[in-house]
Amino acid sequence: MHYIDSLTGATYPLEAPRWRGESGGHVNLGDAPGLARRDIDSSAHSLWRYRKALLVDAADAVTLGEGWTPLVAGEWDGAPVRFKLEFMMPTGSFKDRGMTVMVSYLKSRGVTEVLEDSSGNAGASLSAYCARAGMRCRVLVPETASYPKIAQIAACGADVVTIRGSRQDVADAAAAMSREIFYASHNWQPFFAEGTKTLAYELWEQLGFRAPDNVVVPVGYGANVLGCDRGYSELLRNGEIKRMPRLYGVQAANCAPYYAAFRAGVEHLVPAPVGPTVAEGIASSKPTRMREVLAPVRASGGEIVAVTEDEIVRALGALAKKGFYVEPTSAAAAAGVSQLIARGAIRRDETTVLVLTGSGLKASETIGKLLKLGARSG
Ligand SMILES: *Cc1c(COP(=O)(O)O)cnc(C)c1O
């Protein structure tokens, strides 16, 4: 196994960690052997139960017990939906699924200090896993990131630096610093999606070793699409499932580069206006892996959906009324499910998984304002 340069096809050894290729383009990992049912270590109640399929040695695992999150049956707009509670991770978001594998890999290859840019959750996750690994960590965040996330990143020991400007400005600032410190961007480093592929395994196992019909995820850079594509493709190649699920990625209409490209029928960035969104975790205007996200979505028969700010807030309230207290970014995916049900793309007789990626506990101030919440005086 080696890194493959996405622009030139050149290969680089995994022994020397890198965040991109000589060409300046991102690098990917080749196909992995994947998993068969008998490979599961059911004594591990974390995603490390799938250790046999991961491209890192389990002896090097830097783990906080992440993964094996609940899959809860319920209803959404009158259709049966399974809610995948990815917000029940050690640091409160699905990012732990990728971070445990990426940090395990980097530590095993001798990296002692890393740099990351993040709207909040990825930084919190990286800071926590670096604390566990005994690695030093610097995280650049937008000035507008919610304070609880900044506090969480700093509490776990990272050096937190705020950068003025857009989410893209933060990413650019980090890339510029990458000569001093190893740039462990989860949006570039392919071992992150090597971790998120366990979402596919987990859903497969929790549904009785079957693929669902539909998986709906919020999409910023697209780690959950990349993970589902990688994981389900491996299961398909190994004969463990009969077909791929339809993959649906949901974006905020105010920042929807994938949606614009999907509509245009292309797999590269097309000019699209960018505005502010309450879904801060998916406010990414320049994602890294356009083709790797769009091609599997199309091939699976799924789509990229865009939802308005009003739809996100409505879904946020409706989820909380069902007991799912998530952050606005996660509610975007639920708003996408509403659209898909309304136009018959998702049907009542199908198995649909809605992935809830981040906890509302980090975003209570914002949620309170959006839903106009308060106590009644007694
Ligand atoms: C990061 C994040 C996302 C988006 O993940 P991408 O890999 O950028 O698509 C969605 N939800 C939450 C809560 C996040 O933290």
Side-chain angles (χ1 to χ4, degrees), residues 31-54 58 65-89 94 96-98 100-101 193-218 223-249 296-297 299-302 319 322-324 326 330 333-334 336-337 340-341 345-357:
D31 288 345
L35 195 76
R37 197 163 154 170
R38 62 177 177 280
D39 295 332
I40 298 172
D41 173 5
S42 47
S43 70
H45 297 278
S46 75
L47 61 79
W48 290 92
R49 67 201 279 107
Y50 308 118
R51 62 182 65 192
K52 267 202 104 163
L54 298 174
E66 58 292 317
W68 204 236
T69 58
L71 183 66
V72 180
E75 269 208 348
W76 188 256
D77 285 359
V81 162
R82 316 284 179 121
F83 298 88
K84 179 64 169 162
L85 310 191
E86 291 288 273
F87 59 89
M88 289 180 64
M89 290 277 190
F94 88 92
D96 297 350
R97 199 180 275 289
T100 182
V101 172
E194 176 67 5
T196 58
K197 79 179 184 185
T198 60
L199 170 62
Y201 298 161
E202 244 175 68
L203 291 173
W204 163 70
E205 188 177 358
Q206 289 175 322
L207 290 169
F209 301 101
R210 284 180 309 117
D213 296 297
N214 311 298
V215 181
V216 186
V217 301
N224 284 299
V225 170
L226 295 168
C228 282
D229 176 44
R230 192 164 172 85
Y232 282 119
S233 295
E234 290 172 357
L235 292 172
L236 191 66
R237 281 200 300 275
N238 288 343
E240 294 289 343
I241 56 172
K242 294 195 185 67
R243 48 166 183 74
M244 295 289 281
R246 286 187 287 276
L247 302 176
Y248 290 98
V297 165
S300 74
L319 280 168
K322 290 179 183 291
F324 301 118
V326 297
S330 304
V337 174
L340 291 163
I341 291 172
I346 286 181
R347 299 196 324 249
R348 285 179 176 70
D349 58 349
E350 294 175 335
T351 303
T352 298
V353 174
L354 168 54
V355 180
L356 298 177
T357 48

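The chain is numbered in sequence order, starting from 1. No experiment lies behind these values; they were computed from the predicted model shown.
The existence of a salt bridge linking Asp213 and Arg243 is confirmed by a sub-4.0 Å separation between a basic side-chain nitrogen and an acidic carboxylate oxygen.
The two residues Trp204 and Ala36 come nearest to each other via the heavy atoms CH2-C, 4.3 Å. For the residue pair Val355 and Ala333, the shortest heavy atom distance occurs at O-CB, 4.3 Å. Contact detail for Ala223 and Phe94: the closest heavy-atom pair is CB-CE1, 4.0 Å. Considering all non-hydrogen atoms of both residues, Ala32 and Arg230 come closest at CB-NH2, 3.7 Å. The minimum heavy-atom distance between Glu234 and Gly34, with the atom names listed, is OE1-CA, 3.3 Å. Contact detail for Trp76 and Ile341: the closest heavy-atom pair is O-CD1, 3.3 Å.
Taken from CZ in Arg97 to NZ in Lys197, the straight-line distance is 12.5 Å, to the nearest 0.5 Å. Between the OG atom of Ser46 and the CE atom of Met89 there is a distance of 10.0 Å, given to the nearest 0.5 Å. A distance of 10.0 Å separates OG1 of Thr196 from CG of Leu47, quoted to the nearest 0.5 Å. Annotation: the span from Lys84 atom NZ to Leu71 atom CG amounts to 6.0 Å, rounded to 0.5 Å. Note: Leu54 CG to Lys52 NZ = 12.0 Å, rounded to the nearest 0.5 Å. For the atom pair CG of Asn214 and CG of Leu340, the computed distance is 8.0 Å after rounding to the nearest 0.5 Å.
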Could you walk me through whether Phe83 and Val326 pass side-chain contact (heavy atoms from CB on, under 4.5 Å), step by step?
CA-CA 12 Å; Phe83 298 88; Val326 297; over 6 Å; no
side-chain contact (heavy atoms from CB on, under 4.5 Å) for Met244 and Asp229? Distances and angles first, verdict last.
CA-CA 8 Å; Met244 295 289 281; Asp229 176 44; 3.8 Å; yes
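The main-chain N or O of Ala44 is found under 3.5 Å from a side-chain atom of Arg49 such that the two form a donor-acceptor pair.
Under the 4.5 Å side-chain criterion, counting only non-hydrogen atoms from C-beta, Val337 is not in contact with Tyr248. By the 4.5 Å heavy-atom criterion applied to side chains, Glu240 and Tyr201 are not counted as neighbours. With contacts defined as side-chain heavy-atom distances shorter than 4.5 Å, the pair Ile346/Val81 does not qualify.
In this model, no donor atom of one side chain and acceptor atom of the other lie less than 3.5 Å apart for Glu86 and Thr357. In this structure, a donor-acceptor pair under 3.5 Å is absent between the side chains of Glu202 and Tyr50. Glu66 and Trp48 form a side-chain donor-acceptor contact under 3.5 Å, judged by distance and modelled atom types alone. Side-chain polar atoms of Thr351 and Arg82 form no donor-acceptor pair below 3.5 angstrom.
Environment of CZ in Arg237: crowded, with over 12 heavy atoms of neighbouring residues, nucleotides or ligands closer than 6.0 Å.
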